[in-house]
Peer 1: 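Please find one structure pasted underneath; my questions will follow.
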Amino acid sequence: MREGQQTAIQMTLEFFQRIGLNCSLRRTDAPITAEIDLGIRQHLLPTKREPIASLLNPRKEGPQTGNAGSPLVISEDRFECRYLIVRLPEQRASIPGIFVPAGVQLPVDPGEYEGITAGTAQESENAAQQVLIAGPYLPSPISLSHIRGKIRQYALPESLLTYFAQYFSTLPVQSQTEFFEPYLLSLGHALYGAEELSIYFRAASDESDHFRQEADALSEIAYSDKTRELLQLRYDKEEEMMNHIAEGNAEAAARIEDGPYFHSMESRAPTRVRDTKNKMVILNTLCRKGAQRAGIHPVYLDELSRRMAVKIENAATISELERLPREMIRKYCFLVQSLDTRMFTPTIRKAVNYIDEHCADPDLSLQTLAEALQMNKSYLASTFHRETNSTVISYLNALRIRRACLKLNTTADSIGEIAASVGIPNLNYFTRIFRKEKGLTPSAYRKMIRS
C-alpha cells in the first residue's frame, strides 16, 4: 500500500475516534466482537458469531441504494445501528472486474498490481478483505416507546427494555448523513484514485420472523435475581434523582449520583475516559429531564444541556470528568430554583415563558406583553403580581440581570455589549438596575467572581 494511502487510513482512524466513534481495521471474516459493536451481540446472542461480512452482504429485501460492490458502505444492522465501512484496496477484489482465473498466464506478476488476484472465481468471491469499520452510531435518538414497540414486534422478552435503553443512550447520534458522505468519498478517492465512486447504503430490513426464531434463545438469557434487583434499583434511583432535581434539591440528587446505582452500568467504550464521558452524557440527560418536570422552558434547558455537553466532550482526563456531576446537578437545580413555573396558572406560565423567550428585546414591556398574549393589560398586571409577587418590569429586569451575570462569568464581552445583549442598551440604566439586584456594579461583580 502506498504511503499516501496509509496516511489517509491513519487520519481516518484518528478522525473517527476523535468524534467518539469506535474505529479499527479488521478482516471481513472476523466476528463482530464487543470491541466493534460495544457488546450488544455478545449480550443478546452469546452463542452466535456474526462476521463483519454480514454488514456488507446485499439484502434480499429491504431498502438499499447504490452499488453493492462499492468499497464505501454505510450499513444499518438489525439493531438500527449504523456502521461506516471502507474496503481497503490492497486486498482481494478491491478493484472490481479485474480477476485472473487459475491457469491463465500473465506477462507480469499479479502481486505487483493492487486489485489483480489469482485463483478461482469461487475463491475470489469468498476471499476475506481488510476493511476499516467505524461505529456504531444512531441516525436519530431512539425513544423508550420505540424500543418497547420493537420488543413487542420481535416478540422479545420485556426484560430487555432496560438493556436496550442503556445501550442506545451511550451511542453517538449523527442525524445528517451528509456529515459522513463527503468524508467517505474523499477517503475513497485517496485510496482508489477513482472519479466515479459512490456510497452503498444498506438500510435495516424487517427481520421480524428471523428475530422471532431467536426469541426463545433471548428469553433464556440468565439474569440472576440479584442482577434484576440491581437494574430495577438503578432505574428507581434515577427516577428519584430526577424528582429531586425537579424540586431544586441539589444535595439529595448528588447523594444518589454518588451511590453505586448510577455507576453500575456496564462499560462499553474502548477507553475509561470515553466510557466516563458516556455516563456523563446520560447524567446530563437525566438532569435535563428532571428540570423539565419543573416546567423550565426548553430555551433554558437546551442552553444548559448544550454547555454541559461541550464540557463533557472537552474534558481530557478522568479527574476533569469526576468534577462534572456535582457541577451539573448544582446548575440544573439552580435553574429550577430560579425558573420553576409549576405553581403558576397556565395564563401566567404563558406570560413567564414569553418573557423568557423575548427578554433580550429592549422594547418588551407590559403593554407589548399584553398585546402578544391578547390579554387586557390591567388584568395581566394584577394577575402577574398576585402569582409572582412581582411586577412584569421587575421580573423582566431580574431575568435580564441573571443572564448578564452568566455572561459576566463566562465571556470576555464588555459590560456595554453584555447590557445590550440582555435587552438594556442604556449602560447607565443597566448599571443602576444591576446594583439594585446584586448590591454592586457589574465591573465589581465580574472582579469578584474572577477572583
Side-chain angles (χ1 to χ4, degrees), residues 246 248 288 291-308 310 330-446 449:
R288 178 171 56 80
Q292 188 176 17
R293 293 180 180 182
I296 305 302
H297 195 278
V299 168
Y300 293 102
L301 295 177
D302 182 71
E303 174 62 19
L304 179 55
S305 177
R306 183 190 61 79
R307 284 193 283 116
M308 295 313 305
V310 169
R330 188 178 68 253
K331 286 185 174 180
Y332 275 102
C333 286
F334 177 75
L335 198 64
V336 169
Q337 293 165 9
S338 304
L339 302 172
D340 189 349
T341 62
R342 288 174 298 174
M343 73 291 293
F344 300 146
T345 61
T347 297
I348 298 307
R349 189 180 303 131
K350 187 177 180 181
V352 166
N353 287 339
Y354 187 91
I355 294 172
D356 290 348
E357 289 183 40
H358 298 86
C359 74
D361 180 359
D363 295 326
L364 183 60
S365 64
L366 173 61
Q367 180 65 41
T368 58
L369 177 63
E371 291 173 357
L373 300 180
Q374 298 182 331
M375 293 177 62
N376 177 274
K377 176 181 172 181
S378 299
Y379 174 77
L380 174 60
S382 60
T383 306
F384 193 96
H385 189 274
R386 183 173 63 252
E387 293 193 27
T388 67
N389 198 31
S390 171
T391 66
V392 167
I393 296 304
S394 294
Y395 181 92
L396 173 59
N397 285 336
L399 176 59
R400 285 170 168 169
I401 297 307
R402 284 200 299 272
R403 292 194 176 183
C405 287
L406 176 61
K407 295 193 175 189
L408 287 167
N409 189 15
T410 59
T411 75
D413 295 347
S414 70
I415 293 174
E417 290 172 331
I418 291 174
S421 71
V422 300
I424 310 177
N426 186 310
L427 183 56
N428 290 332
Y429 181 61
F430 172 75
T431 302
R432 188 164 68 251
I433 296 298
F434 195 99
R435 185 193 291 273
K436 180 181 178 182
E437 290 288 331
K438 294 297 179 182
L440 67 172
T441 65
S443 56
Y445 178 86
R446 173 175 266 175
I449 59 177

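Position 1 is the first residue of the sequence; numbering continues from there. Remember, predicted model here, so these are calculated numbers, not experimental data. Both backbone and side-chain heavy atoms feed into the values below; hydrogens, waters and symmetry mates do not.
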Peer 1: Can you list everything that forms a side-chain hydrogen bond (donor to acceptor under 3.5 Å, both in side chains) with R288? Sequence neighbours excluded, please.
Peer 2: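 Listed in chain order: nothing, the list is empty.
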Peer 1: For the OH atom of Y429 and the CG atom of N397, what is their distance to the nearest 0.5 Å?
Peer 2: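 Separation between the atoms: 4.5 Å.
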Peer 1: Kindly write out the residues that satisfy side-chain hydrogen bond (donor to acceptor under 3.5 Å, both in side chains) with T347, not counting sequence neighbours, or none if the list is empty.
Peer 2: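 In terms of side-chain hydrogen bond (donor to acceptor under 3.5 Å, both in side chains), with neighbours along the sequence ignored, T347 is linked to no residue.
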Peer 1: Closest heavy-atom contact between G248 and Q337?
Peer 2: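 Heavy atoms of G248 and Q337 come nearest at O-NE2, 2.7 Å.
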Peer 1: List for me each residue that meets side-chain contact (heavy atoms from CB on, under 4.5 Å) alongside T411, sequence neighbours excluded, and say none if there are none.
Peer 2: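 For T411, the residues satisfying side-chain contact (heavy atoms from CB on, under 4.5 Å) (neighbours in sequence not counted) are K407, D413, I418, R446.
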Peer 1: Please report the interatomic distance CG(N389) to OH(Y395), rounded to the nearest 0.5 Å.
Peer 2: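 Rounded to the nearest 0.5 Å, the CG-OH separation comes out at 13.0 Å.
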Peer 1: Atom CG in N353, atom CD1 in I348: separation rounded to 0.5 Å?
Peer 2: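 Answer for the CG-CD1 pair, N353 versus I348, is 11.0 Å.
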Peer 1: Can you tell me how far the CG atom of L366 sits from the CG atom of L396, to the nearest 0.5 Å?
Peer 2: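 Answer for the CG-CG pair, L366 versus L396, is 10.5 Å.
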Peer 1: Applying ring pair (Phe, Tyr, Trp, His ring centres under 6.0 Å), name anything that partners H358, two or more places apart in sequence or on another chain.
Peer 2: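 Only Y354 meet the ring pair (Phe, Tyr, Trp, His ring centres under 6.0 Å) criterion with H358.
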Peer 1: Residues two or more places apart in sequence or in another chain: which of them pass side-chain hydrogen bond (donor to acceptor under 3.5 Å, both in side chains) with T391?
Peer 2: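 side-chain hydrogen bond (donor to acceptor under 3.5 Å, both in side chains) list for T391, sorted by chain: S394.
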Peer 1: Is there a side chain to side chain contact (heavy atoms under 4.5 Å, CB included) between L335 and L301? Walk through the geometry before answering.
Peer 2: CA-CA 9 Å; L335 198 64; L301 295 177; 4.2 Å; yes
Peer 1: Taking all heavy atoms of S421 and all of A360, pick out the closest pair and write down the distance.
Peer 2: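 Nearest heavy atoms, S421 then A360: O-CB, 3.5 Å.
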Peer 1: Which pair of non-hydrogen atoms, one from S390 and one from F384, has the smallest distance, and what is that distance?
Peer 2: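 That would be O-CD2, 3.3 Å.
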Peer 1: Roughly how far, to the nearest 0.5 Å, is OH of Y332 from CD1 of I296?
Peer 2: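 With rounding to 0.5 Å, CD1 (I296) is 11.5 Å from OH (Y332).
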Peer 1: What closest approach, in Å, do C359 and L399 show between heavy atoms, and which atom pair accounts for it?
Peer 2: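 So the minimum-distance heavy-atom pair works out to CB-CD2, 3.8 Å.
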Peer 1: Do side-chain atoms of E387 reach the backbone of F344 as a donor and acceptor pair under 3.5 angstrom?
Peer 2: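 Not confirmed, E387 side chain does not pair with F344 backbone.
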Peer 1: Before giving the answer on side chain to side chain contact (heavy atoms under 4.5 Å, CB included), spell out for L364 and R400 the whole-Å C-alpha distance, their side-chain angles and the decisive distance to 0.1 Å.
Peer 2: CA-CA 12 Å; L364 183 60; R400 285 170 168 169; 4.2 Å; yes
Peer 1: Do I415 and L408 make a side-chain contact, defined as non-hydrogen atoms from C-beta onward lying under 4.5 Å apart?
Peer 2: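 A side-chain contact under 4.5 Å exists here.
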Peer 1: Who pairs with A444 by side-chain contact (heavy atoms from CB on, under 4.5 Å), at least two apart in sequence or on another chain?
Peer 2: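 For A444, the residues satisfying side-chain contact (heavy atoms from CB on, under 4.5 Å) (neighbours in sequence not counted) are L440, T441.
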Peer 1: Please report the shortest heavy-atom distance between L427 and A419, naming the atom on each side.
Peer 2: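 Smallest interatomic distance, heavy atoms only, reads CD1-CB, 4.4 Å.
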Peer 1: Taking distance alone, no hydrogens or angles, what donor-acceptor pairs closer than 3.5 Å link side-chain atoms of residues 432-439 to residues at least two apart or in another chain?
Peer 2:
none

Peer 1: Return the set of residues passing side-chain contact (heavy atoms from CB on, under 4.5 Å) with A370 (not counting sequence neighbours), or none when no residue passes.
Peer 2: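 Residues passing side-chain contact (heavy atoms from CB on, under 4.5 Å) with A370: K377, L380.
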Peer 1: Which residues pass the side-chain hydrogen bond (donor to acceptor under 3.5 Å, both in side chains) test with K350, sequence neighbours left out?
Peer 2: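 With sequence neighbours excluded, K350 shows a side-chain hydrogen bond (donor to acceptor under 3.5 Å, both in side chains) to no residue whatsoever.
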Peer 1: Return the minimal non-hydrogen interatomic distance between V422 and A404, and the atom names on each side.
Peer 2: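 Taking every non-hydrogen atom into account, CG1-N, 3.8 Å.
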Peer 1: Restricting to side-chain contact (heavy atoms from CB on, under 4.5 Å), what partner residues turn up for E357, sequence neighbours left out?
Peer 2: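 Result, side-chain contact (heavy atoms from CB on, under 4.5 Å) vs E357: H297, V299.
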Peer 1: Looking at residues at least two apart in the chain, or sitting in another chain, which of them share a salt bridge (charged side-chain N to carboxylate O under 4.0 Å, His left out) with R330?
Peer 2: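 With neighbours one apart ignored, the set is empty.
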